[in-house]
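Worksheet: one structure, shown below.
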Amino acid sequence: MEKVYDHRKTEKKWYQFWEKSEFFRPRFNPKKSPYTIIMPPPNANGELHVGHATFIAVEDILIRYHRMRGQPSLWLPGADHAGILTQVVYERELEKQGKTRFDLGREEFYRQTYQFTMKNKKHMEAQLKALGASCDWTRERFTLEPEITKAVYTTFKDLYEEGLIYRGERIINWCTRCGTALSDLEVEHEEKKGKLWHLKYPIKNSKRKAQSVKFITVATTRPETMLGDTAVAVNPSDKRYENLIGQSVILPLTKREIPIIADPVVDPDFGTGAVKVTPGHDPVDFEIGQKHQLEIISVIGQAGQMTKEAGRFAQIKIAEAREKVIKALEKEGFLERTEDYTYSVGVCERCREVVEPLISKQWFIKIQPLAEKALQAVKKGDIKILPKRFEKIYFNWLENIRDWCISRQIWWGQRLPVYYCQELNNSECKVKNGIFVSVDPPNECPHCNSAKLEQDPDTLDTWFSSGQWPYTALGWPKKQQADSRKQRAAKISDFDYFYPTSVMETGYDILFFWVARMVMLGLYATGKPPFHTVFLHGLVRDENGKKMSKSRGNVIDPLTVAEKYGADAVRLALVFGTSPGNDINLGESKIKGMRNFTNKLWNIGRFILSNKPPVQRSRICKACVPANGKSQDEKEDRWVLGELEKTKEKVTKDIENYRFGQAAEELYDFIWHKFADKYIEHSKGRREESQPILEKVFEESLRLLHPFMPFITEELWQKLPNKTSESIMVASWPD
RNA sequence: GGGCUCGUAGCUCAGUUGGUCCAGAGCGCCUCGUUUACACCGAGGAGGCCAGAGGUUCAAAUCCUCUCGAGCCCACCA
């Protein structure tokens with residue numbers, strides 16, 4: 001054995017061995033309850049980052065542990081097409097060639113993005129393997145493969161036919177760069193320094209009597225939207241405006257007459273207590289408009305410029321229009337004053353462009369009924385969220401949820417399974433507006449048999465498909481699909497056997513985006529919770545707790561450090577001393593420390609395995625050591641075996657309770673400071689006698705350590721003179 | 001506006017239902033040591049009124065209240 005452990009000589013070798021031996025594939029056994037983790041499918045548009053490495057470290061611990069406990073354990077890998085993000089990434093690639101997606105056209109763009117995605121996916125698979133993920137590659141899935149898409153369409157159709165998916169013209173978040181609608185979650189809010197403009201709206205007929213015109217003053221951060229105002233609202237209990245309610249104002253610049261209305265959402269203490277209402281460009285105003293049946297005027301278009309409704313400001317970009325409107329208002333004496341103001345603007349999560357609320361015809365999920373069940377599932381304890389504090393956050397989100405806009409005006413993704421019959425004069429089609437949903441591409445309209453059909457050009461929100469991942473990846477709804485011959489004989493499909501899954505392990509940042517949606521859609525489509533436990537890990541930050549980002553230059557690339565220090569070291573560094581749900585600070589020094597531990601382990605092995613075999617290799621167990629031997633040696637023996645027992649107990653309990661950081665510390669402390677520093681040092685004076693105990697403690701330590709550090713433990717296991725299985729992966733967990 | 005997390009050794013963090021690992025680990029620092037497992041090492045050491053104040057208790061880093069600091073998430077802040 002070399003003096004220093006070289007991970008480069010072992011890691012690849014053992015991964016290939018495991019995969020070839022089919023150790024990653026669970027053996028179907030109807031008598032045993034399976035253990036299943038569906039891997040959060042990485043986005044197939046780039047490299048794996050340290051966040052991926054975290055879930056690999058944690059999920060692989062769980063899977064390897066349960067596998068060693070004898071459960072048929074499935075860790076199902078996959079990749080996500082990641083809708084808008086991938087489209088943005090590939091558009092940037094095109095930009096380098098001076099092209100846009102429109103130069104390619106929809107089909108060609110899709111084809112190229114598909115190729116790009118496949119290339120990335122392949123690369124990511126290699127990265128997952130390099131990090132030691134013991135997932136079942138024979139079951140790997142991709143969100144855009146036909147089977148998955150069909151399953152996603154099936155759910156869409158069911159929801160549509162139950163009236164839970166509808167098409168509506170409503171106010172949505174619009175990204176002018178991406179040219180698509182976004183859900184509320186895809187909009188991030190940024191603080192921005194701007195102005196609060198106070199505008200004076202003249203009250204109609206107010207100058208008949210007096211010389212001076214009476215005004216009502218409203219404040220706004222977006223003066224250009226005043227062109228689309230269709231009311232001024234005040235609080236009904238506001239004494240100041242009591243007698244103005246019901247009157248109207250003449251909207252400056254447009255000369256339109258709009259009413260003064262009363263609505264309780266208006267806060268009388270904010271600003272002047274009077275607010276301009278622009279139902280076309282503000283979500284709150286939209287709701288006020290609905291309540292009071294106000295006209296909707298869209299003055300901002302999808303390209304980020306003023307529409308013809310904006311009159312003389314038409315075609316002008318928003319920012320410029322803002323200045324021009326202010327100038328015009330000032331000139332005409334409608335600008336009362338201006339003050340500095342910090343407000344928040346919505347920006348597109350993917351491209352950071354400012355998001356415009358505007359009216360558009362989109363597809364929505366009526367979410368309340370689904371949310372209610374998702375709430376109950378956690379409240380009743382059918383699903384446990386760990387750490388528990390996230391349950392509260394989950395409840396809060398679901399209790400205040402709004403309908404989910406699921407249509408996107410992008411090309412990359414699953415196209416809506418919605419078709420429009422062009423024979424709208426047919427009576428049956430008239431009733432249904434010629435709209436129908438079909439899982440398979442239809443040849444004709446189901447109502448009038450017309451072949452003149454058009455498919456909706458929109459694509460589905462990527463989270464609508466990933467929200468169904470736990471069951472679509474397992475082959476739902478095609479029940480016959482089974483993996484092994486035994487399964488087929490028992491007529492049990494993967495879905496039957498492995499669903500509901502055991503644990504959903506992911507970062508807390510996608511609790512809403514993904515976890516909550518999986519619960520809602522899983523309960524809806526399968527009638528069962530998609531998993532029993534949600535375990536949320538923290539986000540990885542740099543060694544000073546700062547967010548990792550390319551611009552800061554503090555990014556740790558997991559593959560680079562794995563190459564340098566070994567995948568085992570990186571994985572251990574990601575769990576050692578961490579606690580559930582709390583962020584993880586990671587610096588290279590920590591990884592280096594863990595690398596040192598792998599070397600320590602290696603040298604413990606080198607010491608024990610290079611010892612001459614003992615004169616007689618007696619069977620070692622606690623009972624074999626004289627229970628009340630009085631010699632120092634016997635005390636040492638009993639001590640180390642007792643410590644081993646304690647460690648086994650603690651580590652097992654820690655893993656069962658998801659305290660991986662604690663478990664790692666226990667193992668580190670026992671192996672290094674108790675076993676090596678104390679017992680082994682002491683054994684040097686009586687090597688032959690202590691050899692059986694050395695071997696026993698070493699062998700069990702390797703098994704305990706294996707879920708955390710799979711590679712080095714396998715390498716050492718293979719060197720054991722009396723190993724009990726052909727791989728440590730399939731050895732039993734020490735009890 | 002609502003909610004969450006954190007504040008423990010110079011730095012980064014553990015500390016499970018309050019008591020027999022309760023004051024810990026890694027990195028860093030100091031002294032010594034190249035004894036045939038390991039210098040990616042060993043032996044020893046310095047260093048913390050567990051943010052502050054009050055309370056509950058026989059007993060609190062651990063539970064409760066408040067204060068002060070740091071960060072994060074949600075929200076219809078015109």
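Chain A is the first sequence line, chain B the second, and so forth, proteins listed ahead of strands; every chain is numbered from 1. Everything numeric in this text was worked out from a predicted model, so none of it was measured.
- Side chain of A/H281 to main chain of A/P357: a donor-acceptor pair is present (N/O by atom type, distance under 3.5 Å, no hydrogens or angles).
- Spacing between B/G7 and B/U67 at atom C1', rounded to whole Å, works out to 14 Å.
- Between B/A37 and A/S610, no contact under 4.0 Å exists linking OP1 or OP2 to a side-chain N or O.
- Below the 3.5 angstrom threshold, one finds a donor paired with an acceptor across the side chain of A/R595 and the base of B/C40.
- Listed pair A/K600 / B/G42 meets the phosphate criterion, a side-chain N or O lying under 4.0 Å from OP1 or OP2.
- Salt-bridge check for A/K684 with A/E681: passed, with a basic side-chain N closer than 4.0 Å to an acidic carboxylate O.
- Within the 4.0 angstrom heavy-atom criterion, only backbone atoms of the sugar-phosphate kind lie near A/Y668; the bases stay farther away.
- Stems are defined here as 3 or more consecutive Watson-Crick or G-U wobble pairs with pairing distances under 3.5 Å; those involving RNA chain B are B:1-7 with B:68-74, B:10-13 with B:24-27, B:29-33 with B:41-45, B:51-55 with B:63-67.
- Mapping A/R389 and A/T598 onto RNA chain B via the closest heavy atom, the residue that lands nearer the 5' end is A/R389.
- Remark: A/R606 does not engage A/E2 in a salt bridge, criterion side-chain N to carboxylate O under 4.0 Å.
- Counting atom types as modelled, A/K590 pairs no side-chain N or O with a base atom of B/A25 as donor and acceptor under 3.5 Å.
- The interatomic distance linking A/Q662 (CD) with B/U16 (P) rounds to 8 Å, in whole Å.
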